[in-house]
Amino acid sequence: EASQLPLSHAIGALQRVETALIAGDPEQMSPSSYFSAQADGVIDLLHQAAFHLPGQLLRYHYRSEHPSLIAFSNQHFYKNELQTWPSTSTHTTAIFQHYVADGQYLERQNINEAQALAKDLSKLLKQTDKIGVVAFSAQQLQCIHAQLSTKDQALLEDKINERQAFFLALEQIQGEECDHLLISLGYAQNEEGKLNLNFGPLNRKSGRRRLNVLLSRAKQKIDFFSSIQSSDLSLSDNDSLNLLRLFLLQIETPRD
């Protein structure tokens, strides 16, 4: 994935070859840490190659076993140019919303939302599917872990060690994939009913690409847990928040 390779790390290899084929996705994350002082200043190989060299789009998308899993990214990031395969499922979607009406964001955590996700995760840990759990913040991820029983925490750790699960914050998921993905937004109104629009890594310049990475990890199913709805987010000059609002609106639409 050339978008993850700093240009400076590739120069030595490029000087030693006559022909180079550089592959990657410009809508994935660049090779910078969320906590780095240079978070948006790293020059990656892919973007330099795209500027100087002819390109060829690889149109076929193979990860998602249901077209709905890639539909949002296809529309908003790839100009609907990705080709997906029909699903054998009779359902019209593989993305399901879990709205936690009583969820509140207090002390950087949403306990009720974490409890709702942990309840579903407890059941999934006994199955053979590869599970992914992603929270929009490290604090919310820790909160989810705290809601699991000691036995379930041990089962989760075993699955992670066997690479049958991952349990990560939003900024750590580049390169991961799973069968069944559970997502906790976490952010919600506080005890006074006010919603702070500081959504952590989503507010950064690269936030829209983080959202794309997140929504393209699952092969079979996504369960999205949130305590806000699309109507809670107004139009913003932050493209990432606008995309999140559109995604919430999409999964709120009734389907069979």
Side-chain angles (χ1 to χ4, degrees), residues 25 27-29 61 63-82 84 86-87 89-105 110 112-114 116-117 120 132-137 140 144 169-171 173 178 180-190 193-256:
D25 182 351
E27 297 296 344
Q28 300 288 302
M29 291 306 302
H61 174 81
R63 174 177 291 156
S64 303
E65 296 180 11
H66 195 291
S68 66
L69 292 168
I70 196 62
F72 184 84
S73 288
N74 199 8
Q75 177 181 353
H76 295 284
F77 293 89
Y78 302 109
K79 303 176 183 178
N80 281 323
E81 293 181 328
L82 296 182
T84 59
S87 173
S89 172
T90 58
H91 295 289
T92 58
T93 186
I95 305 178
F96 300 92
Q97 182 198 33
H98 301 261
Y99 175 57
V100 184
D102 58 352
Q104 288 187 326
Y105 189 61
N110 186 332
N112 288 347
E113 188 175 304
L117 190 149
D120 279 13
V133 177
V134 177
F136 273 61
S137 70
Q140 183 66 9
I144 294 169
L170 177 60
E171 61 269 19
I173 59 171
C178 61
H180 192 157
L181 179 63
L182 296 90
I183 302 171
S184 174
L185 177 61
Y187 302 109
Q189 288 89 351
N190 59 21
K194 296 180 179 179
L195 177 63
N196 186 336
L197 295 181
N198 181 9
F199 282 21
L202 200 64
N203 284 90
R204 294 184 64 86
K205 180 179 178 181
S206 57
R208 66 185 306 277
R209 282 188 282 167
R210 293 186 188 280
L211 189 61
N212 179 43
V213 172
L214 172 64
L215 298 178
S216 57
R217 300 302 94 194
K219 295 180 180 179
Q220 297 175 4
K221 184 179 180 183
I222 294 177
D223 284 301
F224 193 94
F225 293 77
S226 72
S227 303
I228 62 172
Q229 297 178 304
S230 60
S231 57
D232 295 313
L233 298 173
S234 57
L235 283 174
S236 166
D237 57 2
N238 185 319
D239 188 38
S240 304
L241 292 183
N242 288 334
L243 283 169
L244 176 62
R245 181 181 61 83
L246 289 173
F247 176 73
L248 289 172
L249 181 62
Q250 174 180 301
I251 63 177
E252 288 163 6
T253 303
R255 293 179 174 87
D256 62 7

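Just so we're clear, the structure is a prediction, and the values are computed from it rather than from any experiment.
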Does the side chain of [Y] come within less than 4.5 Å of [X]'s, by heavy atoms?
X      : Y      : result
Phe225 : Asn110 : no
Tyr105 : Leu195 : no
Leu185 : Glu113 : yes
Lys219 : Glu65  : yes
Ile95  : Leu215 : no
Glu27  : Arg208 : yes
Leu214 : Leu170 : yes
Gln189 : Asp232 : yes

I need the minimum non-hydrogen distance between [X] and [Y], along with the two atoms involved.
X      : Y      : answer
Leu241 : Leu233 : O-CD1, 4.3 Å
Ser64  : Ala218 : OG-O, 3.7 Å
Ala116 : Val100 : CB-CG2, 4.0 Å
Asp25  : Tyr78  : OD2-OH, 2.5 Å
Ser226 : Leu248 : OG-CD2, 4.1 Å
Thr92  : Ser68  : O-CB, 4.1 Å

Using modelled atom types only, decide if a donor and an acceptor are shared between the side chain of Glu171 and the backbone of Pro201 within a distance under 3.5 Å.
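Side chain of Glu171 to backbone of Pro201: no pair is present.
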Among all residues two or more places apart in sequence or in another chain, which pass the side chain to side chain donor-acceptor pair (under 3.5 Å) test with Gln229?
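Expected list: none.
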To the closest 0.5 Å, what do you measure between CG (Leu211) and CG (Leu243)?
6.0 Å
If only side-chain N and O atoms count, and only distance matters, is there a donor-acceptor pair under 3.5 Å linking Asp223 with His180?
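Indeed, the side chains of His180 and Asp223 share at least one donor-acceptor pair under 3.5 Å.
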